[in-house]
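So that the names make sense, note that chain A is the first sequence line, chain B the second, and so on, each numbered from 1.
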Number of protein chains: 2
Amino acid sequence: MRQASIESKSDRIARVLEAEIRMGALRDGDPLSSEAALVERFNVSRSTVRKGLGLLAAKGLILTRVGIGSFVTYRGTQIDSQAGWSLSLPDGDARLGMRILRIVRAPMDLCAPGPEGEMLHVDRIRFLEATGLGLTFERARLPWRGSFEPLLDGLEGGSLSQSLASRGISAASGEEWAGVLPALSTEDAQAMGRTPGEPMLRLRRLTRDAGGAVIEYVESLLDPGQFGLHMEF
Amino acid sequence: MRQASIESKSDRIARVLEAEIRMGALRDGDPLSSEAALVERFNVSRSTVRKGLGLLAAKGLILTRVGIGSFVTYRGTQIDSQAGWSLSLPDGDARLGMRILRIVRAPMDLCAPGPEGEMLHVDRIRFLEATGLGLTFERARLPWRGSFEPLLDGLEGGSLSQSLASRGISAASGEEWAGVLPALSTEDAQAMGRTPGEPMLRLRRLTRDAGGAVIEYVESLLDPGQFGLHMEF
DNA sequence: GAGACAGACCTGTCTGAACCTGTCTAGCAT
DNA sequence: ATGCTAGACAGGTTCAGACAGGTCTGTCTC
């Protein structure tokens, strides 16, 4: 068999699976085939399959658990990652843009159950490209680590989860709160291109690593007409 | 049945039961179903059930005695009888009253993903006894069964979950959606003793039995100042 | 009425198997 | 050196079944 391009087999496996995920053939939370099944399907060795899965895991697209298998953790718009609630975006065709308001190192400024001290602040807004209407406003706060220094100039691939994954930081547990913000503040409304006083869906999320140390605290405001929470049990 | 999340089966059992305990469907001192019954309900092996119960015991939520069974040892605020998300009520001391608006047999009237045909309708409002302010408005719809006939004259113990439990009906899986209702309608506002136009937290839940048949569909409107959703993972 | 007993039902514990990922080693090909 | 293969082993998860022993209740006996 001829290897037509410089793409390695493991790269190809990762690319094919990533395409299936992004196309929607594999949805958020769906289990991937087992490694043994992927060995059959792609006709490669298990090491190669694992290498491909490792690439997807580093991108934050899948999550693997011993004895169970690998699962899709991609949420389409990549609003959030890992376990927890699914954010469902009804209008799947809408093109979303992202604007980073600021990436700075500063003391904690939000009222959160846990983290204090010096943090990495990442404030982002996602908006409808067609109209410029802001759909989400995320404020992420991460306890400062030296390895975050390069991020002050930009996130890897524009993704915070990818930046964390490439540093070997992954969440082992966490908590999530959801509620209603009765009225959008004037400043936030201006930043999002919305009208003040609108009710918004408010999501707060705290993730911890295996040792229980806080990885990230995120407060998100979401357009209630576009976003809902979904959970299966 | 597809494994919808990245958690193991034993984790899911522990989570579902914990939710039922924390919401008050299972009260302090209540016996859990026997392990054999849980095997039936969740359609898993006894080992898996026992593993899940072990997790709850480790958390101190239940206590298991040889030859007798497992018992709830958690004394929590009893607010709602719903599996899935935790509903947290900040002010635990507030006394809540419940008013049943109607219990009737009628065709399905809500737009829900699944159930149709003849249903048992149960509409309830929970309110602050002190002020009479309505905090929750629940519309439950259950596919009609002959054994529901007596319920038209009143729920057993005023509790829908108790009425179902005594008929051997228990949820094995389900889905839940949460979102924001931007403005309370005039009729609902009047029923709840609130002002029209208020934003509310909107919860919809669909539960199924082990065979996949719909047990219950519930739409709830919740006071966003009093209720939030919480989840650990 | 008191006590003994059987049977139903419960949890505790164990086994063997199937299937899953994590990790390692040795070897082949380019 | 890198990519890949093939295999082995460890350990996590789940299943199906079996057996022991605790608890409860109804029944029989005295």
For B/H121 and B/R141, what are the C-alpha separation, side-chain angles and deciding distance, and is it a side chain to side chain donor-acceptor pair (under 3.5 Å)? CA-CA 5 Å; B/H121 296 217; B/R141 301 292 180 265; 3.2 Å; yes
Tell me the interatomic distance from B/R46, atom CZ, to D/dA20, atom C1', rounded to whole angstroms. 12 Å
Check whether B/R41 reaches the backbone of B/A171 with its side chain - one donor and one acceptor, N or O, closer than 3.5 Å. yes
For the CD atom on B/E35, are there more than 12 heavy atoms of other groups (residues, nucleotides or ligands in this structure) within a distance under 6.0 Å? yes
Side chain to side chain, A/D30 and A/E20, heavy atoms closer than 4.5 Å: no
Roughly, in whole Å, what's the span from CD in B/E7 to C1' in D/dG12? 16 Å
Taking atom P of D/dG3 as reference, at what distance in whole Å does atom CD1 of A/I13 sit? 14 Å
Can you confirm whether A/T136 sits close enough to A/M98 that some side-chain heavy atom of one is under 4.5 Å from a side-chain heavy atom of the other? no
Between A/M119 and A/G117, what is the shortest heavy-atom contact and its length? CG-O, 3.2 Å
Return the minimal non-hydrogen interatomic distance between A/A140 and A/D123, and the atom names on each side. N-OD1, 4.3 Å
Minimum heavy-atom distance between B/P143 and B/V214, given as atom pair plus value: CG-O, 3.6 Å
Which whole-number value in Å describes the distance from B/E40 CD to D/dC15 C1'? 15 Å
B/R205: which of B/E219, B/E175, B/E216 passes side-chain hydrogen bond (donor to acceptor under 3.5 Å, both in side chains): B/E216
Among residues 47-57 of chain B, which contact DNA chain C at a heavy-atom distance under 4.0 Å? B/R50
Contact boundaries on DNA chain C for chain B, cut-off under 4.0 Å to non-hydrogen atoms: C/dC10 to C/dT13
Sub-3.5 Å pairs of nitrogen or oxygen atoms, protein against nucleotides 22-24 of chain D:
| residue | atom | partner | partner atom | Å |
| --- | --- | --- | --- | --- |
| D/dG22 | N2 | B/G67 | O | 3.3 |

Do the non-hydrogen side-chain atoms of A/V122 and A/V104 ever get within less than 4.5 Å of each other? no
Taking all atoms of both residues into account, what is the closest heavy-atom pair of A/Y217 and A/C111, and its distance? OH-O, 3.7 Å
Value in whole Å for how far the C1' atom of D/dT14 lies from CZ of B/F42: 16 Å
